Amino acid sequence: MDVVLFFIAGIGAIAGAIGVVALRNPFYSVLSLVAHLFALAVLFLLLLAQFVAAAQIVVYAGAVMVLYVFVVAYIGGQDQPVRPQAGGRLTALAILAAACLFAVLIIATLGSGLSAIDSEGARLGEGFGQPGAIGELLLTRFLLPFEVASFLLLVAAVGAVVLARRRGGAGAGEGLTVAELFRAPDGVGSMREALGRPTGTNAPADAPAGPREGLPTPSGVSTEDRA
Amino acid sequence: MSIGWYLAISALVFCIGAGGVLTRRNPLVILLCLELMLNAANLALVAFSRMHGNGDGQIFAIIVMVVAACEVTVGLGVIVAMFRRRLPIDVDELRALQG
């Protein structure tokens, strides 16, 4: 059963990978990558990494691929020739380089002399690969990488917002400071306006004639008037 | 199945991804091929984690997923910015940085 499942998932993963590279339309490439990710999740399950498999499907195939589909739909998936017209020789060289890389990797794997490489793996402890074990590792031994990863996500989100802004975008000669990023655009009401109070600069001019008139004069103002 | 088979699939997927990065010209597809390579590395990490019976490799795989998500976010942001500025969506024609 395991062997059958492994070969089905392995062939699916490789076919999906070839589809990503070989299909002309970027949209089909994305769909092919989704199929590849599902096959890979099956392989993770066979390796008893349940949590990683679930994260793969939810985060990768769910969220990241939807982002890809949105961008492909926005840009418009133009059909492009897989091979460039002029660089046929370079393409052949690139494929040769990839094949050489594969040979090197296989030789390195076979020649590594790892005795466990032909085995099914070590004997496992209780709860290996389950969310409980992963969570315990993340919050004890790997707390620092966990926090750094969350900070990296935050930086990437801010970077994407800066890059994909409507005006300016990447550069365009417009200096962009952090203060400008967080400033409210002109013509958008602030919370003070919504509450019916005068906003920043107008406050001193409007205050005497405004709703304050009926209020009792504070002692500080009266002394100023007398003077 | 022995761990070696998983490593073989990982190596093959990695090389397919590398070939795609070298041959394709659409930056979107190049990003997809980078994803392929990262996933191949993930498969190798999880396979080694199973081989040693140790969960550290799976944590590493999860961190790689986070880094891949960041890379996708920034990369797609760059592509959208290129599209807005009417630049060609083709890495062969974007040679302003080529000395």
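These numbers come from a predicted model, not from an experiment. First the proteins, then the strands, lettered A, B, ... as listed; each starts at 1.
Contact annotation: the side chain of B:Gln58 never approaches that of B:Arg50 to less than 4.5 Å [non-hydrogen atoms, C-beta and beyond]. Looking only at side-chain heavy atoms (C-beta outward), A:Val71 and B:Val80 come within less than 4.5 Å of each other. Side-chain contact between B:Met65 and B:Leu38: absent, with no pair of heavy atoms (C-beta onward) separated by less than 4.5 Å. At a threshold of 4.5 Å between non-hydrogen side-chain atoms, the residues A:Phe6 and A:Val42 do not count as touching.
Contacts of A:Ser29 with chain B are made by both backbone and side-chain atoms, with heavy-atom separations under 4.5 Å. Contact of B:Ile62 with chain A is made through the side chain alone, with heavy-atom distances under 4.5 Å. If you measure heavy-atom distances from B:Ile30 to chain A, you find no contacts under 4.5 Å at all. Looking at A:Ile134, both its backbone and its side chain come within 4.5 Å of chain B, counting heavy atoms on both sides. Proximity to chain B involves both the backbone and the side chain of A:Ala49, based on heavy atoms less than 4.5 angstrom apart. Interface residue B:Leu28: backbone and side-chain heavy atoms are both found under 4.5 Å from chain A. Looking at A:Leu37, only its side chain comes within 4.5 Å of chain B, counting heavy atoms on both sides. Using a 4.5 Å cut-off between heavy atoms, A:Val148 does not touch chain B at all. Both the backbone and the side chain of A:Val3 come within contact range of chain B, judged by heavy atoms closer than 4.5 Å. With a 4.5 angstrom heavy-atom cutoff, B:Ile16 touches chain A via backbone and side-chain atoms both. When heavy atoms are compared at a cutoff of 4.5 Å, B:Ser49 approaches chain A by way of both its backbone and its side chain. The parts of B:Tyr6 that come within reach of chain A are both its backbone and its side chain, each placing non-hydrogen atoms under 4.5 angstrom from that chain. Contact of A:Leu40 with chain B is made through the side chain alone, with heavy-atom distances under 4.5 Å. When heavy atoms are compared at a cutoff of 4.5 Å, A:Phe70 does not approach chain B at all.
Ranked by heavy-atom pairs shorter than 4.5 Å toward chain A, the options B:Val21, B:Leu43, B:Leu7 are led by B:Leu43. Chain A forms the most heavy-atom pairs under 4.5 Å with one residue out of B:Val78, B:Leu36, B:Leu32, and that residue is B:Leu32. Interface summary for chain B: among A:Val20, A:Leu93, A:Val64, the most heavy-atom pairs under 4.5 angstrom belong to A:Val20. Between chain B and the residues A:Leu105, A:Leu46, A:Leu43, A:Leu47, the largest count of heavy-atom pairs under 4.5 Å involves A:Leu47. Of the listed residues (A:Ala156, A:Ala157, A:Gly10, A:Ala55), the greatest number of heavy-atom pairs within a distance under 4.5 Å of chain B belongs to A:Ala156. Of the residues considered (B:Asn39, B:Val29, B:Val66), B:Asn39 shows the highest number of contacts with chain A, using heavy-atom pairs under 4.5 Å. With chain B as partner, the option from A:Thr109, A:Leu153, A:Asp2, A:Ile106 having the largest number of non-hydrogen pairs under 4.5 angstrom is A:Leu153. Heavy-atom pairs under 4.5 Å with chain A peak, among B:Val13, B:Ile59, B:Val74, at B:Ile59. The choice from B:Thr73, B:Asn42, B:Val67, B:Leu76 that makes the most heavy-atom pairs within less than 4.5 Å of chain A is B:Leu76.
A pairwise comparison of heavy atoms in A:Val69 and A:Phe27 identifies CG1-CE1, 3.8 Å as the closest pair. Heavy-atom minimum distance, B:Ser10 versus B:Ala40: OG-O, 2.9 Å.
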For A:Phe51 and A:Gln130, run side chain to side chain contact (heavy atoms under 4.5 Å, CB included): C-alpha distance rounded to whole Å, both residues' side-chain angles, the deciding distance at 0.1 Å, then the answer.
CA-CA 6 Å; A:Phe51 181 75; A:Gln130 284 172 1; over 6 Å; no
Could you go step by step and tell me if B:Glu35 and B:Glu71 meet the side chain to side chain contact (heavy atoms under 4.5 Å, CB included) rule?
CA-CA 9 Å; B:Glu35 295 288 316; B:Glu71 167 241 321; 3.6 Å; yes
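The closest donor-acceptor contact from the side chain of B:Arg24 to the backbone of A:Val21 lies under 3.5 Å. Between the A:Ser32 side chain and the A:Tyr28 main chain, no donor and acceptor come within less than 3.5 Å of each other. In this structure, the side chain of B:Thr23 does not engage the main chain of A:Thr91 through any donor-acceptor pair within 3.5 Å.
Scanning for ring pair (Phe, Tyr, Trp, His ring centres under 6.0 Å) contacts around A:Phe7 gives B:Trp5, with sequence neighbours left out. For A:Tyr60, there are no ring pair (Phe, Tyr, Trp, His ring centres under 6.0 Å) partners, not counting sequence neighbours.
Atom SG of A:Cys100 and atom CD1 of A:Ile95 lie 12.0 Å apart (nearest 0.5 Å).
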